[in-house]
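Numbers for residues simply follow the sequence, beginning at 1.
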Amino acid sequence: MTIDRARELIAVQVSLGGGYNRNAVRLILAEVQREHGQAVVDKMIVEFDLEQVFGLTPGTSFE
């Protein structure tokens, strides 16, 4: 998955909110982590304020 595609998908999930959307974001971040590394995942967590929205913190492993 490209980083741009992951951003698009995460943006949709954030706009919807909710528990199922949190799980979807975790799956997206797991794929990003496998392909692009933890640094990219941490940037996305900060970029989309996922700590506030879903309680996901930078440094969390999604494998």
Side-chain angles (χ1 to χ4, degrees):
M1 174 182 312
T2 67
I3 294 172
D4 289 335
R5 180 66 179 149
R7 280 191 175 105
E8 291 172 12
L9 294 172
I10 291 172
V12 170
Q13 299 305 318
V14 167
S15 71
L16 297 171
Y20 290 113
N21 303 95
R22 179 182 189 273
N23 289 335
V25 168
R26 290 177 60 84
L27 291 172
I28 295 164
L29 292 176
E31 188 168 337
V32 169
Q33 185 175 9
R34 277 192 301 276
E35 293 183 21
H36 303 285
Q38 185 68 41
V40 175
V41 169
D42 290 346
K43 285 181 185 178
M44 287 184 168
I45 290 172
V46 171
E47 177 181 346
F48 289 99
D49 198 20
L50 297 178
E51 188 167 4
Q52 178 68 32
V53 177
F54 294 124
L56 304 174
T57 59
T60 302
S61 178
F62 295 98
E63 294 187 57

Report the residues that fulfil side-chain hydrogen bond (donor to acceptor under 3.5 Å, both in side chains) with Glu8, sequence neighbours left out, ordered by chain and then residue number.
Arg5

If we only count heavy atoms from C-beta on, is the Val40 to Glu35 side-chain gap below 4.5 Å?
no

4.5 Å side-chain heavy-atom contact, Val14 and Asp49
no

Quick one: closest heavy-atom pair of Gln13 and Phe54, and the distance?
O-CZ, 3.8 Å

For Asp42, which residues count as a side-chain hydrogen bond (donor to acceptor under 3.5 Å, both in side chains) partner, sequence neighbours excluded?
Gln38

Donor-acceptor pair, distance only, cut-off 3.5 Å: does the side chain of Gln33 make one with the backbone of Ser61?
no

Are Ile45 and Leu29 close enough that some pair of their side-chain heavy atoms sits under 4.5 Å apart?
yes

Can you find a pair of side-chain heavy atoms, one from Arg7 and one from Asp4, that are under 4.5 Å apart?
yes

Report yes or no: do Val41 and Val46 belong to one cluster of Ile/Leu/Val/Met/Phe/Trp/Tyr joined by side chain heavy-atom distances under 4.5 Å?
no

Transitively linked via ILVMFWY side-chain contacts under 4.5 Å: Ile3 with Leu56?
yes

Distance-minimising heavy-atom pair for Leu50 and Met44
CD1-O, 4.0 Å

